Structure formats: structure tokens, C-alpha cells
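Everything numeric in this text was worked out from a predicted model, so none of it was measured.
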Amino acid sequence: MFSGRIQGRGPRYCPSIEDKIDRFADKNNHQLFIEPEGWNTVEYYVNGFSSSLPEEIQFEALHKVAGFEKAKFFRPGYAIEYDFFHPFQLNSTLETKIVENLFFAGQINGTTGYEEAAAQGLIAGINAHQKIHGGKEFVLTRSQAYIGVLIDDLITKGTDEPYRMFTSRAEYRLLLRQDNADYRLTPIAFELGLVSEERFEKVKEKYENTEKIIGFLKKESVSPEEINHILTKKETQIISQKMKISQLLLRPQINIFDLSDSIPGFYDFLSALNNKDSEQLEEAEIQVKYEGYIQKESEIAEKLLKYEHIILHPDFDYNSLKSLSSEAREKLSKIRPHTLGQASRISGVSPSDISVLIVYLGH
């Protein structure tokens, strides 16, 4: 790599040991993580020591690590180098724009990481199936799933190095939470035939119960006699008159389990509901505590979603619109976004360019 024999750029997020030594020459130590390869093997993977150096150099270097003086190799480390097709040549379904019925997923699109490849494989596979059987296109938006962020980034921004998906790349992180993944995606999966009716009904029941719990918290009040001993214990201000349970839950010191175990009325309500599932209680707590933030982000997502429904024809002549900036004409002609929403996220396309398109399209 450093002599120039390997021309490719190494992945930023899992560099080789020689790349680390070159990049972090000012550091005097480096952690290694020793990972067993399985229950019934003596093989271990030395995480943090990936290398493309000659085998004898790797062997000598490993023996200099404390505890590895007598270590043996099953296989030395090796480098990989791959080419990719610029992903702005893809539609949101991961079908190529130039060759109909050809779908791309994984490293061919310039990504690195097993999860990224699996996510693309899932979307490409679903859409290939939908196309063969005359079904509608399946696309996840940026406010629906991290997969939506991943694919939208690739097809609108492209990549000049192996791409990894990070939460920081998503502008709707409050909506894309772990706790509501089943709520966001199970109905879609059920519609596609990917989950059973039994599983779908369980998710529906979970969220119906969650809504009932939230309704109870917002409607019912608690007296000082019932709760002050808990507030004192949690080192938060006691109350002098009745207060809505949901208001108490807004305090950072208080969690929903403090309340469910201490307020007789709440305990009885959960017993009558015949369910004290911790997931439902945690989901209710999150929605109550962060309601204002979640609602604000939902409104922003809803506002911008209208752009996702304005379709741009693949043969649209952007060069004919002289009101567009020259950079916007160049980028839009090259990337050919499917929707106005995608066009708005292309680097070099300004809000004023989007306004020109909106006026021209009559929206």
C-alpha cells in the first residue's frame, strides 16, 4: 500500500496495522482484542492486527506481543482490493438505471461492512421479487429506517471511499429508535409476506397496550401521600398537591417502574390490563418523556416527505432550465434523481434550485 503497488484506498473504519502505524505515528500503544473463532476450536482472531505485510514479518511482529511469543498461524492476514460501480447509477430499489432487471447490492455499490451488504441485499431481493411478480416498488424513506438513509446517501451523494452507515448520518435519529423498530417495520414486512400474522398481531397488541398505558398516565393524578416518599428517595422535589402521573414521569430522576410499583392505582390498572410487560412500559415512558422532541421531528419529516412524492422523469432535460445553477444542471443531469426529495439532498443543488423545479413542475 505504501510503496504504491496497491492503488485502492483502505477502509477508514477497519484499517490494517501498518495503516494505523502510519496514520497514528504519535501513539505509543494499541489495543488488540483476542476473539475465539468458536466453541470447539483453538483458533483465535487477533482483532486490531489485520495486515497485508509479508507472512514472515507478520509472524515476527505477532511474537513480539506479550503472551504471543509462541503463537502459531493457521492463516496469515491479507489485503483485499475491490472495484465498485458508482451508486448514483442506481434507483432507490437498487435496480440499475441503465440495465433493466439488474440489481446491485453490497461492495459493488462502494460499501463496506456485513450489515450494509445484508441491508442492501434485503432491499434488492425484495424489489427483484416484486418486479418479477408485478408488485409495487419497495423503498424505505430516511424517516422510516436506517436502511433508507444508507441507500439514499449512496444514490444521491455517491462515495469516494468504502461507505459505512452511522447513526450520525441520519437526521431523524429520534424517530429511528431501537424500541420502535418493530412498530415501524413489522406492518411493512407483514404486507410483503415476510412475517407471520401471529407476529404481526403481537406487535399490534403491544402498541395498543402501550397507548392505553400512555392514556392512563396522562389522565390520572397521584397524591402527595402516595408519591412523596419515592420523590424523597430519588432526591427530587416533593409535591404539595395532586399531579398528573405523566408530569412526574418527565423528571429525569423518575422512571416508569418507580411509579408502577409505588402507585396503587397504576399497579391495579396494569393488573387489569393483564400485562406488565417491561417493553410496553419502557415504550410508554419514552413516548411520554420525549413527546415534544419526537413530535417536532415527526412534523419536520412529514413536511419534507411531500418532496418524496414529487416524481422527476428520468429523461427530464435539466439543461433546458436556465434558472438552475450550472452546478445543479450538471449534478441533476448526471445523477438523475427519482424524486424532488432526492434532488434536494444532492451536494451542489441549493434550495433555490429546488424552488425553480417546484415552480416548473407546478407544485
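Side-chain heavy atoms closer than 4.5 Å link hydrophobic residues (I, L, V, M, F, W, Y) into clusters, and following such links, possibly through other members, connects Ile254 to Phe269. If you chain together hydrophobic residues whose side chains sit under 4.5 Å apart, Phe166 and Tyr163 never meet in one group. Placement of Phe216 and Ile214 within a single hydrophobic cluster is found when ILVMFWY residues are connected by side-chain heavy-atom separations under 4.5 Å, directly or transitively. A continuous path of hydrophobic side-chain contacts links Leu94 to Leu122 [ILVMFWY only; heavy atoms under 4.5 Å]. Leu281 and Ile230 fall within a single hydrophobic cluster, where Ile, Leu, Val, Met, Phe, Trp and Tyr side chains are chained together by heavy-atom contacts under 4.5 Å.
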Checking side chain to side chain donor-acceptor pair (under 3.5 Å) for the pair Glu226/Ser262: CA distance, chi angles, key distance, verdict?
CA-CA 7 Å; Glu226 290 176 303; Ser262 307; over 6 Å; no
Should Ser143 and Glu297 be marked as a side chain to side chain donor-acceptor pair (under 3.5 Å) after you check the CA-CA gap, both sets of side-chain angles, and the distance that decides it?
CA-CA 9 Å; Ser143 59; Glu297 198 156 281; over 6 Å; no
Trace of the salt bridge (charged side-chain N to carboxylate O under 4.0 Å, His left out) decision for Glu201 with Lys204:
CA-CA 5 Å; Glu201 290 300 326; Lys204 275 173 63 179; 3.6 Å; yes
Start with the C-alpha distance between Gln120 and Thr111, add both sets of side-chain angles, then the distance that settles side chain to side chain donor-acceptor pair (under 3.5 Å), and finish with yes or no.
CA-CA 10 Å; Gln120 293 170 69; Thr111 65; 3.0 Å; yes
Pair Ser298, Gln295 - check side chain to side chain donor-acceptor pair (under 3.5 Å), show working.
CA-CA 5 Å; Ser298 296; Gln295 189 175 346; over 6 Å; no
Should Glu197 and Lys202 be marked as a salt bridge (charged side-chain N to carboxylate O under 4.0 Å, His left out) after you check the CA-CA gap, both sets of side-chain angles, and the distance that decides it?
CA-CA 9 Å; Glu197 187 168 358; Lys202 279 185 178 178; over 6 Å; no
How far apart are the C-alpha atoms of Leu154 and Leu90, what are their side-chain angles, what is the distance that settles it, and do they pass the side chain to side chain contact (heavy atoms under 4.5 Å, CB included) test?
CA-CA 9 Å; Leu154 288 172; Leu90 300 170; over 6 Å; no
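Side-chain atoms of Lys334 do not come within 3.5 Å of backbone N or O of Phe88 as any donor-acceptor pair. Using a distance-only test at 3.5 Å, with no hydrogens or angles considered, a donor-acceptor pair links the side chain of Asp353 to the main chain of Ser350. Judged by distance alone, the side chain of Arg336 and the main-chain N or O of Lys97 form no donor-acceptor pair under 3.5 Å. Remark: the backbone N or O of Pro87 is not paired with any side-chain donor or acceptor of Asn109 at under 3.5 angstrom. The closest donor-acceptor contact from the side chain of Lys242 to the backbone of Ile239 lies at 3.5 Å or more, if one exists at all.
Residues Thr159 and Phe84 have side chains in contact (heavy-atom distance under 4.5 Å, counting atoms from C-beta outward). Using a 4.5 Å cut-off on side-chain heavy atoms (C-beta onward), Lys131 and Glu95 make contact. When side chains are defined from C-beta on, Pro337 counts as touching Leu332, because their heavy atoms get closer than 4.5 Å. You'll find the side chain of Leu140 stays beyond 4.5 Å of the side chain of Val149, heavy atoms only. Between Asp152 and Gln342, the closest side-chain pair of non-hydrogen atoms falls below 4.5 Å. When side chains are defined from C-beta on, Phe266 counts as touching Ile256, because their heavy atoms get closer than 4.5 Å.
Asp153 pairs in a salt bridge (charged side-chain N to carboxylate O under 4.0 Å, His left out) with only one of the listed residues (Arg164, Arg142, Arg345), which is Arg142. With Leu357 as reference, Leu340 is the one residue of Ile310, Val349, Leu340 to meet the side-chain contact (heavy atoms from CB on, under 4.5 Å) rule.
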Could you tabulate the donor-acceptor pairs under 3.5 Å formed by side-chain atoms of residues 64-79, not counting sequence neighbours?
residue: Glu69; atom: OE1; partner: Gly67; partner atom: N; Å: 3.0
residue: Glu69; atom: OE2; partner: Gly67; partner atom: N; Å: 3.3
residue: Arg75; atom: NH2; partner: Glu43; partner atom: OE1; Å: 2.7

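Summarising the local packing, OH of Tyr183 is surrounded by 12 or fewer heavy atoms from other residues, nucleotides or ligands at distances under 6.0 Å. Under a cut-off of 6.0 angstrom, the local environment of CZ in Arg199 is sparse, with at most 12 non-hydrogen atoms contributed by other residues, nucleotides or ligands.
Using a 4.0 Å cut-off between charged nitrogen and carboxylate oxygen, Lys331 and Glu327 count as a salt-bridge pair. Salt-bridge annotation for Glu291 and Lys218: present, with a side-chain N of the basic residue lying under 4.0 Å from a carboxylate O of the acidic one. Lys206 and Glu279 are joined by a salt bridge, as a carboxylate oxygen and a charged side-chain nitrogen come within less than 4.0 angstrom of each other.
Checked against the 6.0 Å centroid threshold, Tyr318 and Phe316 count as a close aromatic pair.
Thr167 and Arg173 form no side-chain donor-acceptor contact under 3.5 Å, judged by distance and modelled atom types alone.
Shown here are the ring pair (Phe, Tyr, Trp, His ring centres under 6.0 Å) partners of His133, two or more places apart in sequence or in another chain: His129.
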